[in-house]
Amino acid sequence: MPGFVTVLGVVLFIILISIRQVNEYQRGVKFQLGKFVKVVKPGWRLIIPIFQSMVKVDMRIKAVDVPFQEAITRDNVSAKINAVIYYKVTDAAKAFLEVENFWFATSQLAQTTMRNVVGEMELDELLANREAAAEKIKDIVDKATDPWGIKVESVELKDIILPDDMQRVIARQAEAEREKRAVIIKASGEYQAAENIAKAAELLSKSPGALHLRTLSSINDLSSDQSNTVIFAMPLEILRAFERIGNK
């Protein structure tokens with residue numbers, strides 16, 4: 001009887017130390033005598049010591065910061081660029097068996113791909129189409145990591161840092177572009193004003209007395225301000241006409 005209790009205790013102890021918990025967001029890669037057996041789903045699982053082993057793989061989406069990389073664009077402009085890559089493991093067995101450290105490998109692949117993609121684009125294209133550059137990096141990295149059982153969800157370019165002299169050049173270019181637009185808008189306004197003035201002059205010339213009424217209206221507008229002094233020039237012919245009427 002004491003021997004049975006001892007054996008039972010040993011069995012219970014082995015069972016207790018063999019229990020492994022796999023959380024909902026994890027998958028277990030199970031090995032037996034060094035050989036891959038299967039992928040273990042969430043729950044409590046028995047892993048016999050010495051003969052079996054299990055490695056847990058996190059299946060949640062991971063955000064990996066790609067550190068600043070110095071690259072040269074196609075038009076020979078140096079730029080420092082960093083990004084963030086979002087990916088998740090879709091096949092736990094491949095992620096553990098096909099690559100030694102899938103997190104490190106994905107980060108290194110993203111760095112290399114980012115430098116290559118930036119080198120194929122001109123600076124203006126890169127600054128104007130950051131989304132297109134990020135999408136191209138995502139497609140390349142996603143295709144390369146498929147054999148590792150990894151799915152790249154998205155890539156976002158965070159910062160693009162240019163040399164100080166290039167920033168000054170871009171600022172001057174932007175200033176010149178704004179001045180150009182301001183001159184064009186001003187010229188367009190003057191052209192429209194000239195057109196309206198020409199139409200108004202044509203209309204006044206066709207209506208007898210219209211110019212005189214417009215003059216009186218302008219004088220009335222000026223008379224509302226006491227600080228203004230209005231000098232009204234009257235043609236000499238009109239004064240002589242009044243003089244002849246007085247003589248008669």
Val57 and Val37: same hydrophobic cluster, using ILVMFWY side-chain contacts below 4.5 Å?
-> no

Phe68: which other cluster members, linking ILVMFWY side chains closer than 4.5 Å, directly or transitively?
-> Ile161

Donor-acceptor contact present, side-chain Gln32 to main-chain Lys30, <3.5 Å | no

Does Asn23 reach the main-chain N or O of Tyr25 with its side chain, forming a donor-acceptor pair under 3.5 Å?
-> no

Using atom types as modelled and distance alone, determine if a side-chain donor or acceptor of Lys41 lies under 3.5 Å from a backbone N or O of Gly28.
-> no

Decide whether Trp148 and Glu98 meet the rule of one side-chain donor and one side-chain acceptor closer than 3.5 Å.
-> no

Could you note down all residue pairs passing salt bridge (charged side-chain N to carboxylate O under 4.0 Å, His left out) where residues 133-151 supplies at least one of them, sequence neighbours left out?
-> Glu120-Lys136, Asp142-Lys151

For residues Pro147 and Lys94, report the shortest heavy-atom separation together with the two atoms involved.
-> O-CD, 3.8 Å

Do the non-hydrogen side-chain atoms of Leu46 and Ser18 ever get within less than 4.5 Å of each other?
-> yes

Examine distances only and state if a side-chain atom of Asp58 and a backbone atom of Gln26 form a donor-acceptor pair shorter than 3.5 Å.
-> no

Report the residues that fulfil side-chain hydrogen bond (donor to acceptor under 3.5 Å, both in side chains) with Ser53, sequence neighbours left out, ordered by chain and then residue number.
-> none

Look only at the side chain of Asn76 and the backbone of Ile72, and say whether a donor-acceptor pair between them is shorter than 3.5 Å.
-> no

Spell out, as yes or no, whether a donor-acceptor pair under 3.5 Å connects the side chain of Thr113 to the backbone of Val141.
-> no

Connected to Ile47, directly or through other members, by ILVMFWY side-chain contacts below 4.5 Å are Val22, Val40, Met54

Side chain to side chain contact (heavy atoms under 4.5 Å, CB included) against Ile50, all qualifying residues, sequence neighbours excluded = none

Shared-cluster residues of Ile61, by chain and number - hydrophobic side chains joined below 4.5 Å | Val84, Tyr86

Give a yes or no answer on whether the side chain of Ser188 reaches the backbone of Ile184 with a donor-acceptor pair at less than 3.5 Å.
-> no

